[in-house]
Amino acid sequence: MKARVRLFARLSELAGTREAEVEVGEGLTAGEVYRALCGRYPALSGLNGSIRYAVNGEYAEPGHPVGEGDEVALIPPVSGGSHAV
Amino acid sequence: MKARVRLFARLSELAGTREAEVEVGEGLTAGEVYRALCGRYPALSGLNGSIRYAVNGEYAEPGHPVGEGDEVALIPPVSGGSHAV
Amino acid sequence: MLFEVTSAVLDPQRLIDHVRKDESGAVALFSGVVRNENLGRRVLYLEYDSYQEMAEQVMREIADEALARWPITDVAMQHRTGRLEIGEASLLVAVSAPHRKAAFEACHALVDRFKEVAPVWKKEVWEGGEEWIEGEAVNRSG
Amino acid sequence: MLFEVTSAVLDPQRLIDHVRKDESGAVALFSGVVRNENLGRRVLYLEYDSYQEMAEQVMREIADEALARWPITDVAMQHRTGRLEIGEASLLVAVSAPHRKAAFEACHALVDRFKEVAPVWKKEVWEGGEEWIEGEAVNRSG
């Protein structure tokens with residue numbers, strides 16, 4: 001049971017990769033995917049307040065459930081404007 | 001003592017020419033140039049209320065003096081907006 | 001700056017390249033194109049006439065006004081004359097600026113202003129007739 | 001409609017041709033270009049990264065919003081990724097409409113909206129350093 005994670009821009013440089021896989025257990029959320037990734041790539045830690053999530057290409061809350069085959073993206077603040085959608 | 005007159009769009013079709021010359025006496029004005037032209041090209045008559053004048057490439061009042069070598073243009077209403085400059 | 005009334009086909013890329021400077025972050029371009037309908041009539045083609053020298057002078061003057069009013073970098077304007085088919089560009093206005101807001105506002109204002117004051121006229125030709133479009137009473141958009 | 005995130009050089013003429021329809025009287029185009037300065041730093045070049053699939057989906061969504069809100073005919077958007085030199089276009093937005101006001105307004109709004117929500121990031125590279133530009137604290141115009 002795996003989900004795909006995608007990293008961009010500064011996050012991909014910090015992690016040294018643009019893609020990762022995480023095991024998704026029961027009830028895993030987008031925020032928990034990020035925390036799981038921080039264990040593997042400590043340089044990603046501490047960005048909680050600034051990153052957003054997308055699940056399958058749509059912006060999603062940190063509490064959004066993530067299941068098998070889902071694609072989770074960690075979205076740094078976009079350069080062109082505020083973070084409000 | 002001549003001034004050059006230029007005609008455009010509908011006016012040039014009515015007159016059958018894009019250019020004319022008029023004798024400029026003492027004190028001739030742009031409006032009088034138009035009236036002189038109406039004598040030669042009667043189809044131009046009756047447009048008093050709608051045409052504007054340019055003397056040497058600048059919008060000018062009907063009372064603007066016209067002298068030797070000046071270029072007077074009869075300007076029909078432009079298609080893109082009101083006649084206010 | 002580039003101000004031209006010409007019978008040649010207009011080229012947007014040329015105007016964009018012309019106005020873009022190394023300090024420009026934004027270029028706004030307007031292209032006025034011949035459409036197939038006006039006031040409910042099916043238009044076959046248009047014919048544009050112009051007092052070329054004066055129209056180019058008007059371009060220069062309204063560009064100077066825009067450069068004084070907005071933080072923009074450069075302006076270029078072209079109007080085509082002669083017979084234009086449906087879909088061909090009659091007017092191009094390009095404005096460069098460090099930031100996009102000024103580029104958009106100045107470009108829009110320049111198009112409005114040009115259409116108000118420039119000595120340029122169009123004749124609509126439709127099936128069975130034609131007419132020089134003049135003044136307020138007729139459609140002034142597009 | 002045309003929505004593309006690509007590493008290829010952007011071509012304004014292609015977008016203009018794409019959005020123009022026979023009922024269009026106006027095409028407004030925005031070109032966002034790399035400028036040589038930001039926040040007082042001399043920029044050598046930029047590097048753009050993007051979540052391509054999502055950025056193209058965002059283009060589609062905001063274009064649908066614009067088509068619902070303004071009387072416009074068509075929309076096309078392109079963003080370039082990878083290394084871009086000073087003067088190269090990073091973003092093109094083209095909007096066609098019967099009349100110019102809607103074309104200008106929708107084009108401007110689409111650029112603003114895209115920069116707010118699209119998953120696209122730029123890294124500025126200057127003499128001796130580089131930085132991913134993120135969020136509100138930094139310059140958001142251009």
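So you know, we letter chains A, B, ... as the sequences are listed, proteins then strands, and number each from 1.
D/Trp132 places no side-chain N or O within 3.5 Å of a backbone atom of A/Leu11 that could act as its donor or acceptor partner. A/Tyr59 places a side-chain N or O within donor-acceptor distance of the main-chain N or O of D/Val117, the cut-off being under 3.5 Å.
The two residues D/Tyr51 and A/Ala73 make their nearest non-hydrogen contact at CE2-CB, 3.3 Å.
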Worked check of side chain to side chain contact (heavy atoms under 4.5 Å, CB included) between A/Ile75 and D/Met54: CA-CA 11 Å; A/Ile75 310 276; D/Met54 184 174 165; 4.3 Å; yes
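Within a 6.0 Å sphere centred on CD of A/Glu19, other residues, nucleotides and ligands contribute more than 12 heavy atoms. Around atom CZ of D/Arg69, no more than 12 heavy atoms belonging to other residues, nucleotides or ligands sit under 6.0 Å away. For D/Glu127, the CD atom sits in a loose shell: 12 or fewer heavy atoms of surrounding residues, nucleotides or ligands are nearer than 6.0 Å.
Residue pairs meeting the salt bridge (Lys or Arg N to Asp or Glu O under 4.0 Å) criterion with at least one partner in residues 7-21 of chain D, sequence neighbours excluded, are D/Glu4-D/Arg14, D/Arg20-D/Asp22, D/Lys21-D/Asp74.
A search for ring-ring contact (aromatic ring centres under 6.0 Å, His included) contacts involving A/Tyr34 returns nothing, not counting sequence neighbours.
By the 4.5 Å heavy-atom criterion applied to side chains, D/Gln52 and A/Phe8 are not counted as neighbours.
Proximity to chain A (any heavy atom under 4.5 Å) is restricted, for D/Glu61, to the side chain, taken from C-beta onward. With a 4.5 angstrom heavy-atom cutoff, A/Arg6 touches chain D only via side-chain atoms.
Expressed to the nearest 0.5 Å, how far CG of A/Asn56 lies from CD of D/Gln57 amounts to 12.0 Å.
Between A/Arg10 and D/Asp49, none of the side-chain N atoms (NZ, or NE/NH1/NH2) sits under 4.0 Å from a carboxylate O, so this pair counts as no salt bridge.
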